[in-house]
Trainee: 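First, the structure itself, so that you have it in front of you.
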Amino acid sequence: MFKGLGAQRLVALFVGGCLLFNFPLLGLWDRDATLFGVPLFPAALFILWALLIANMAWLMERSAHKPRDD
């Protein structure tokens, strides 16, 4: 179905993102604390979202520079 290790890594990243933004793990950040004056829950959402996008961009750029042997 998915050819290549890059596609499999992107699927794994998608599944990991789905797990990160699901209730049990997302509930860990729902506290009455602040991070640099921002409540912890929205700050954690933004940081996790940014890390997910950065990982996806890194995977896409990394696979774009590899020569393909088809």
Side-chain angles (χ1 to χ4, degrees):
M1 182 174 176
F2 297 107
K3 293 185 179 182
L5 192 57
Q8 292 175 2
R9 287 180 177 162
L10 283 175
V11 170
L13 188 63
F14 172 76
V15 171
C18 286
L19 291 174
L20 275 176
F21 291 110
N22 210 344
F23 169 68
L25 292 178
L26 207 54
L28 294 173
W29 305 105
D30 195 18
R31 308 243 184 259
D32 289 333
T34 60
L35 182 68
F36 301 115
V38 178
L40 186 61
F41 187 69
L45 276 179
F46 180 75
I47 291 169
L48 290 173
W49 174 72
L51 288 174
L52 192 66
I53 290 176
N55 282 333
M56 184 180 60
W58 179 70
L59 280 175
M60 294 300 292
E61 288 296 320
R62 182 176 166 207
S63 65
H65 295 296
K66 283 189 165 184
R68 298 183 87 180
D69 293 331
D70 287 335

Trainee: With sequence neighbours excluded, tell me which residues meet side-chain contact (heavy atoms from CB on, under 4.5 Å) with F21.
Mentor: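 For F21, the residues satisfying side-chain contact (heavy atoms from CB on, under 4.5 Å) (neighbours in sequence not counted) are L26, L45, L48, W49, L52.
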
Trainee: Linking I/L/V/M/F/W/Y whenever any side-chain heavy atoms sit under 4.5 Å apart, do I47 and V38 land together?
Mentor: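 Different hydrophobic clusters.
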
Trainee: Check side-chain contact (heavy atoms from CB on, under 4.5 Å) between A12 and all other residues, then give those that pass, not counting sequence neighbours.
Mentor: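 Partners of A12 under the side-chain contact (heavy atoms from CB on, under 4.5 Å) test: none.
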
Trainee: CZ of F46 to CG of L35: how many Å apart, nearest 0.5 Å?
Mentor: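 The distance works out to 12.0 Å.
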
Trainee: Can you confirm whether more than 12 heavy atoms, excluding those of D32, are under 6.0 Å from its CG atom?
Mentor: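 Check fails, neighbour count at 12 or below.
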
Trainee: Can you tell me how far the CG atom of L28 sits from the CZ atom of F41, to the nearest 0.5 Å?
Mentor: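 Result: 10.5 Å between the selected atoms.
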
Trainee: Roughly how far apart are R62 CZ and L5 CG, rounded to 0.5 Å?
Mentor: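 Separation between the atoms: 7.5 Å.
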
